[in-house]
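Below is one structure, written out as structure tokens; comments come after it.
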Amino acid sequence: MKEVRTRFAPSPTGFMHLGGVRTALYNYLFAKKMGGKFILRIEDTDQERIVPGAVDVIYNTLRECGLNWDEGPDIGGDYGPYVQSDRKSLYLPYAKELVEKGAAYYCFCTKEELAERKAAAEAKGEVFKYDKHCLHLSKEEIQQKLDAGVPYVIRLNCPTEGESSYDDEVFGHISFPNSDLDDMVLIKADGMPTYNFANVIDDHLMGITHVMRGMEYLSSTPKYNILYRAFGWEIPTYVHLTTVMRDKEHKLSKRDGDAYYSDFIDKGYLKDALINYLALVGWNPGTDQEFFTMDELVQAFDVKRLNTSPGIFDVTKLDWMNSQYIAKMDFEDYLKMATPWFDKVLAGKNMDYRRLAELMQSRTDIFSRIPEKIAFLTDMPDYDTAIFFNKKQKSSEDVAKEVLPLLLPVLKGIGDWTEQNIHDAVMAKIPEWGKKNGAVLWPMRIAISGQESTPGGAFEIAYLLGKDETLRRMKASLEKLG
RNA sequence: GGCCCUGUGGUCAAGUGGCCUAAGACACCGCCCUUUCACGGCGGUAACUCGGGUUCGAAUCCCGGCAGGGUCACCA
């Protein structure tokens with residue numbers, strides 16, 4: 001059997017869209033699963049949209065995610081070059097070959113003329129399709145214009161009757177009326193090929209066996225097939241992927257800051273969690289397993305289990321998955337990653353980051369939410385004393401007023417301010433006071449944190465705050481209670 | 001608008017004519033654990049878009065409506 005070769009062919013726009021990462025992931029998984037090759041090709045045929053540094057974004061993202069390519073611009077391969085602008089001279093001869101065969105033709109219509117005709121068609125409520133105007137030029141006329149240096153494009157001569165169909169691995173049999181086919185441009189006036197053309201030429205030249213790409217290409221695929229057939233080339237297997245949506249009617253978008261890989265990394269998502277989750281948007285293993293390493297993904301991946309209905313990128317579920325990954329992280333790694341986020345509110349403070357990290361690891365879903373969770377350690381929130389009330393803990397404002405003054409001297413008397421010592425000192429007194437643990441610890445924690453819920457209990461918080469701050473807050477809360 | 005694709009709980013989804021009085025996960029709710037929260041454990045609410053067929057039997061097949069998405073560039 002022929003070696004499977006897949007490709008990821010992004011255009012360098014400066015960012016990696018999550019949908020693109022997923023496309024790359026599936027291409028990678030499938031190639032690896034089949035023992036084949038995963039190729040990276042840069043599609044930069046649109047000279048007007050070149051963004052400096054954009055190619056590096058692609059390299060970095062893919063590598064960071066572990067989607068290592070077997071052939072590509074930077075590492076080479078037997079089918080290079082892997083950047084379309086470096087292949088520029090390659091395409092025109094193929095287009096001319098098509099012209100020779102009568103499958104394509106020169107077109108001298110200017111953009112302005114086309115725009116006019118298009119406007120006219122739209123004014124009549126019709127859909128504009130190129131009218132094959134230049135198809136009927138005589139050989140002499142064409143040569144004359146060519147010699148005179150009139151700018152031209154080369155168009156594909158599409159059939160206008162009958163229908164085209166093909167089989168897609170995920171969508172099954174798809175057919176289109178040929179009357180809908182537009183004579184697409186193959187070579188642009190600047191001599192560059194269009195994406196549509198370069199894509200087909202390169203996929204063939206690079207021996208791509210499986211084309212996995214977004215389903216937005218579903219309806220242009222018949223035109224690609226016309227090209228393959230005109231050349232007498234073997235048509236690759238098509239695997240069209242559903243769109244990744246933000247919700248039922250919107251795609252992930254740049255404007256909402258939810259579209260790019262880097263957005264998520266900046267927000268404090270773990271790349272492994274992101275990849276794991278992304279793999280599951282539009283694909284499932286057919287089992288209940290939902291946590292996968294890259295190797296497991298390779299093992300489990302199956303094109304047959306790709307979904308036909310669009311998947312919604314559920315950030316809530318991603319958050320959960322991310323929190324699971326964080327919980328399982330090596331503690332030292334967590335500490336290292338959490339530190340900059342701790343710094344955002346605690347920089348300059350004398351705080352036990354290790355202890356804080358221990359408390360926070362199971363409470364972190366995404367790193368960017370750390371500051372809001374620990375802000376109270378820096379600034380005592382202005383709270384409502386009503387939160388001293390807690391039925392189950394047998395606490396109330398009155399209880400707080402009674403217990404806090406009792407606690408003060410006990411805490412004051414602790415020499416070495418360790419969590420253990422605070423714990424022992426307070427716990428020893430509670431029975432003497434005839435109170436339930438909750439009736440003492442709830443008021444204490446509220447008094448020093450000003451929050452109903454905190455990452456850690458009264459002892460942990462007191463320890464983190466330090467003796468002076470703890471006592472200061474206790475007194476302030478007592479005053480607040482009046 | 002033409003054409004193409006899609007339509008199971010709030011979300012992801014299993015399901016390929018009888019095993020479906022429809023699995024699992026997230027979210028939500030309740031209980032347990034616990035000095036709060038979180039983690040963890042247990043349990044619960046909640047779905048086959050609608051209408052016609054085909055069939056002994058339909059979430060599963062067919063047709064139509066409705067809804068959503070995609071596409072109709074010298075962008076990729």
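On a predicted model such as this, the values are computed, not experimentally measured, just so you know.
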So which nucleotide from B:A76, B:U11, B:C75 ends up closest to the side chain of A:Lys111? B:C75
Listed nucleotide nearest any side-chain atom of A:Leu441, set B:U35, B:C39, B:A13: B:U35
Side chain of A:Arg445, base of B:U36: donor and acceptor closer than 3.5 Å? yes
Would you kindly compare A:Ala458 and A:Tyr217 by the position of their nearest RNA chain B nucleotide and give the one closer to the 5′ end? A:Ala458
Which one, B:G15, B:C39, B:C74, comes nearest to the side chain of A:Leu114? B:C74
For A:Ser175, report the nucleic acid contact type (base, sugar-phosphate, nothing); a contact means any heavy atom under 4.0 Å. sugar-phosphate
Kindly say if A:Lys188 contacts the phosphate of B:C75, meaning a side-chain N or O under 4.0 Å from OP1 or OP2. yes
Please tell me which of the listed nucleotides, B:A76, B:U11, B:C74, lies nearest to the side chain of A:Ala189? B:C74
Compare all side-chain heavy atoms of A:Tyr130 with those of A:Arg117 and state whether any distance is below 4.5 angstrom. yes
Spacing of A:Tyr334 atom OH relative to B:C39 atom P, expressed in whole Å: 14 Å
How close or far is atom P of B:A23 from atom CD of A:Glu290, stated in whole angstroms? 17 Å
Looking at B:U36, I'd like to know if its phosphate oxygens (OP1 or OP2) sit under 4.0 Å from a side-chain N or O belonging to A:Asn390. no
Would you check, one step at a time, whether the test side-chain hydrogen bond (donor to acceptor under 3.5 Å, both in side chains) holds for A:Tyr463 with A:Thr470? CA-CA 8 Å; A:Tyr463 163 71; A:Thr470 298; over 6 Å; no
Any side-chain donor-acceptor pair under 3.5 Å between A:Asp167 and A:Tyr238? no
What is the distance from NZ of A:Lys118 to C1' of B:A73, rounded to the nearest Å? 6 Å
Applying a 4.0 Å non-hydrogen cut-off, can you work out what A:Leu359 is touching in the nucleic acid: base, sugar-phosphate, or nothing? nothing
Donor-acceptor pair under 3.5 Å, A:Thr454 side chain vs B:U36 base: yes
Among B:A76, B:A27, B:G40, find the nucleotide with the atom closest to the side chain of A:Thr316. B:A27
Looking at A:Glu290 and A:Lys317, is any side-chain nitrogen of the basic one under 4.0 Å from a carboxylate oxygen of the acidic one? yes
Could you tell me how far apart A:Met184 (CE) and B:A76 (P) are, to the nearest whole angstrom? 12 Å
Measure from CG on A:Asn276 to C1' on B:C26 and round the result to the nearest Å. 13 Å
Starting at atom CD1 of A:Ile174, determine the distance to atom C1' of B:G69, rounded to an integer number of angstrom. 14 Å
B:C39, OP1 or OP2 - any side-chain N/O from A:Arg363 closer than 4.0 Å? no
What is the separation between atom CD1 on A:Ile312 and atom C1' on B:G10, rounded to the nearest whole Å? 10 Å
Nearest to the side chain of A:Thr308 - B:G7, B:U36, B:C26? B:G7
Specify the residue among A:Thr110 and A:Leu318 whose closest nucleotide of RNA chain B lies further upstream toward the 5′ end. A:Leu318
Using a cut-off of less than 4.0 Å, is there contact between a side-chain N or O of A:Gln393 and OP1 or OP2 of B:U36? yes
Testing the 3.5 Å rule here: is there a donor-acceptor pair between the side chains of A:Thr454 and A:Arg445? yes
When you measure from the side chain of A:Thr243, which nucleotide among B:C37, B:C5, B:G69 comes out closest? B:G69
Closest to the A:Arg305 side chain: B:G15, B:G2, B:A76? B:G15
With sugar-phosphate meaning primed atoms plus P, OP1 and OP2, does A:Asn199 contact a base, only sugar-phosphate, or nothing at under 4.0 Å between heavy atoms? nothing
Classify the nucleic acid contact of A:Gly456 as base, sugar-phosphate or nothing, counting any heavy atom under 4.0 Å across all strands shown. base
Regarding A:Val153, tell me which of base, sugar-phosphate or nothing describes its non-hydrogen contacts under 4.0 Å with the strands shown. base
Using 4.0 Å as the upper bound for N to carboxylate O, is an ion pair formed by A:Lys223 and A:Asp182? no
Side chains of A:Leu356 and A:Leu346: closer than 4.5 Å at any heavy-atom pair? yes
For the side chain of A:Asn307, starting at C-beta, report the closest nucleotide among B:U35, B:U34, B:A13. B:A13
A:Lys392 near the nucleic acid: base, sugar-phosphate alone, or nothing, with a heavy-atom cut-off under 4.0 Å? base
Residue-phosphate contact under 4.0 Å: A:Lys129 side-chain N/O, B:C72 OP1/OP2: no
Does B:A25 have OP1 or OP2 under 4.0 Å away from a side-chain N or O of A:Asn284? no
